[in-house]
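Notes follow the structure.
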Amino acid sequence: MIKKFFSFIVSTMALWVVLAGVAGALRPQSLTWVGPYVSWMLGIVMFGMGMTLTFRDFKIILQRPRDVFIGVFAQFFIMPLAAWCLIRLFALTPELAIGVILVGACPGGTASNVIAYLAKGDVALSVSMTLMTTLLAPVVTPSLTWLLAGAWIEVSFAAMMISILKMVLLPIMLGLVIQHFFTAFVERVMPIMPIVSVIMIVLLVGGVVALSASKLAEVGLLMAVIVILHNSFGLALGYMSARLFRLDSRKARTVSIEVGMQNSGMAASLAIMYFNPAAAIPGAIFSVWHNISGSLLANYFVRYSDKKEMPAIARTVQS
């Protein structure tokens with residue numbers, strides 16, 4: 001019963017994230033306490049991700065460098081560029097613009113691996129892309145943020161890099177080491193890690209919304225439109241770029257999902273730590289939306305794949 005309950009909570013994460021966001025907006029005083037702990041919560045999520053990895057995952061990067069390079073390049077080119085275009089198109093204020101840029105400059109989200117699996121994509125490539133973009137994040141994310149926003153808002157490159165190392169890279173490496181040397185322990189605790197990660201993400205989103213509740217009422221609808229466009233550009237252009245470089249359909253689906261699904265929790269955390277609560281609004285909304293859009297896209301990919309496979313199966317049977 002407990003396993004079924006945990007499975008239900010994890011599978012309906014998007015619902016709980018939405019409810020936490022609503023609670024943060026309507027009763028901000030109930031979740032503003034989360035603010036000082038956002039970096040720790042993200043660290044716990046990254047630690048859980050690290051325990052799902054093995055050193056074999058690094059071998060895949062070396063075995064398939066072209067596929068991984070194409071995906072990583074698309075990730076760190078398409079989403080930042082789309083963010084820059086959107087803030088120009090909608091003439092966003094600096095406090096909101098920096099939030100959109102942070103979402104675009106962050107690595108792939110941890111949920112993308114599950115969505116790639118549901119979409120019958122290349123899960124090994126998905127894991128490799130998430131891992132590689134996360135490893136590069138301490139340098140690439142502050143660099144892109146400074147490049148795109150440094151002219152009109154102060155960006156502390158060194159401080160941001162150190163924060164990403166501490167709350168993202170270090171927990172992942174710690175989880176990986178524990179998984180390698182204490183396999184029996186990891187096998188015992190892994191069943192509860194997904195629910196722990198969901199709780200952390202739900203609290204993080206709810207806290208971010210609570211801290212920016214007054215501003216959210218003013219710009220929430222606009223930010224929702226921008227987030228949906230940003231995510232849609234990532235999904236569509238990610239797929240097109242993969243096909244442009246002649247990756248097959250399974251790999252293209254994976255690149256699409258990886259590019260479109262960002263580590264928005266990291267974006268929201270950095271916004272609160274270095275800018276202001278309003279800058280965390282895009283990350284909070286993105287956390288909700290990309291799980292919904294990713295699931296819908298996975299369903300479409302599976303349906304599209306099945307329709308293409310049926311004629312081929314029929315021809316084989318006839319022959």
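Atom set for the values below is all heavy atoms of this structure, side chains included, hydrogens, waters and symmetry mates excluded. Quantities reported herein were computed from a predicted structural model and do not represent experimental measurements.
L174 and F181 fall within a single hydrophobic cluster, where Ile, Leu, Val, Met, Phe, Trp and Tyr are joined by side-chain heavy atoms under 4.5 Å apart, directly or via other members. In the hydrophobic cluster analysis, where Ile, Leu, Val, Met, Phe, Trp and Tyr join through side-chain heavy atoms closer than 4.5 angstrom, L131 is grouped apart from M193. Note on W289: it clusters hydrophobically with V18, by side-chain heavy-atom contacts below 4.5 Å among ILVMFWY residues. Under the 4.5 Å side-chain heavy-atom criterion for Ile, Leu, Val, Met, Phe, Trp and Tyr, V100 and L89 are members of the same hydrophobic cluster. At a threshold of 4.5 Å between side-chain heavy atoms, the hydrophobic network of Ile, Leu, Val, Met, Phe, Trp and Tyr places W40 and I272 in two separate groups.
Dense packing is recorded around CG of L62, with more than 12 heavy atoms of other residues, nucleotides or ligands lying under 6.0 Å away. Counting heavy atoms of neighbouring residues, nucleotides and ligands inside a 6.0 Å radius, atom CZ of F77 does not exceed 12 of them. In this structure, F58 places its CZ atom where more than 12 heavy-atom neighbours from other residues, nucleotides or ligands lie under 6.0 Å away. Enclosure of atom CD in Q29 by more than 12 non-hydrogen atoms of other residues, nucleotides or ligands within 6.0 angstrom is indicated. By the neighbour-count criterion of 12 heavy atoms within 6.0 Å, atom CZ of F90 is densely surrounded, having more than that number from other residues, nucleotides or ligands. Within 6.0 Å of CE in M240 there are 12 or fewer heavy atoms belonging to other residues, nucleotides or ligands.
To the nearest 0.5 Å, atom CG of residue L296 and atom CD1 of residue I115 are 9.5 Å apart. Atoms CG and CZ, from L81 and F233 in turn, are 10.0 Å apart once rounded to the nearest 0.5 Å. Here CZ of F185 is found 6.5 Å from CE of M51. Values are rounded to the nearest 0.5 Å. Separation of atoms CE (M190) and OG1 (T183) is listed at 12.0 Å; rounding is to 0.5 Å. Distance check, rounded to the nearest 0.5 Å: CD1 of I153 to CG of L148 gives 12.5 Å. Here T141 contributes atom OG1 and F157 contributes atom CZ; the two are 10.0 Å apart, rounded to the nearest 0.5 Å.
Of the possible donor and acceptor atoms, one in the side chain of S256 sits under 3.5 Å from a partner among the backbone N and O of L235. Using modelled atom types, one side-chain atom of T254 and one backbone atom of D122 make a donor-acceptor pair closer than 3.5 Å. Checking side-chain atoms of Q262 against main-chain N and O of C106 turns up a donor-acceptor pair under 3.5 Å. Listed for the T133 side chain is a donor-acceptor partner under 3.5 Å among the backbone atoms of T130. Using a distance-only test at 3.5 Å, with no hydrogens or angles considered, no donor-acceptor pair links the side chain of H180 to the main chain of T54.
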Subject >> Step-by-step side-chain contact (heavy atoms from CB on, under 4.5 Å) determination, L203 to W33 >> reply: CA-CA 10 Å; L203 286 175; W33 62 268; 4.2 Å; yes

Original post:
Would V202 and L19 satisfy side-chain contact (heavy atoms from CB on, under 4.5 Å), going step by step from the backbone distance to the final call?
Top reply: CA-CA 9 Å; V202 167; L19 292 176; over 6 Å; no

**OP:** Walk me through it: do L170 and L165 pass the test side-chain contact (heavy atoms from CB on, under 4.5 Å)?
**Re:** CA-CA 6 Å; L170 182 60; L165 284 170; over 6 Å; no

Original post:
After noting the C-alpha distance and the side-chain angles of L229 and L86, does the key distance pass the side-chain contact (heavy atoms from CB on, under 4.5 Å) rule?
Top reply: CA-CA 8 Å; L229 289 173; L86 286 168; 4.1 Å; yes

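At least one side-chain heavy atom of P142 sits under 4.5 Å from a side-chain heavy atom of I164. Side-chain contact check for L102 versus F275: some heavy-atom pair is nearer than 4.5 Å. Taking 4.5 Å as the limit, every side-chain heavy atom of L125 sits out of range of all side-chain heavy atoms of R250. Between I172 and L53 the shortest side-chain heavy-atom distance falls below 4.5 Å. In this structure the side chain of R66 reaches within 4.5 angstrom of the side chain of I70, judged on heavy atoms. With contacts defined as side-chain heavy-atom distances shorter than 4.5 Å, the pair K251/R64 qualifies. With a 4.5 Å cut-off on side-chain heavy atoms, Y239 and S249 count as touching. In this structure, P28 and L211 have side chains that are not in contact, with every pair of non-hydrogen atoms separated by 4.5 Å or more.
Note on ring orientation: taking the six-membered ring where Trp is involved, the planes of F286 and H290 are perpendicular (angle over 60°, cut-offs 30° and 60°).
Minimum interatomic distance between M273 and S163 (heavy atoms only, all atoms of both residues): CE-OG, 3.5 Å. Here the shortest heavy-atom pairing between V209 and G21 reads CG1-O, 3.3 Å. When all heavy atoms of S264 and S287 are compared, the pair lying nearest together is OG-OG, 2.8 Å. Looking at every heavy atom in both residues, L144 comes nearest to P80 through CD1-CG, 3.7 Å. What you find for S269 and M167 is that their closest heavy atoms are CB-CE, 4.0 Å. Between R253 and A119 the shortest heavy-atom distance is NH1-O, 2.9 Å.
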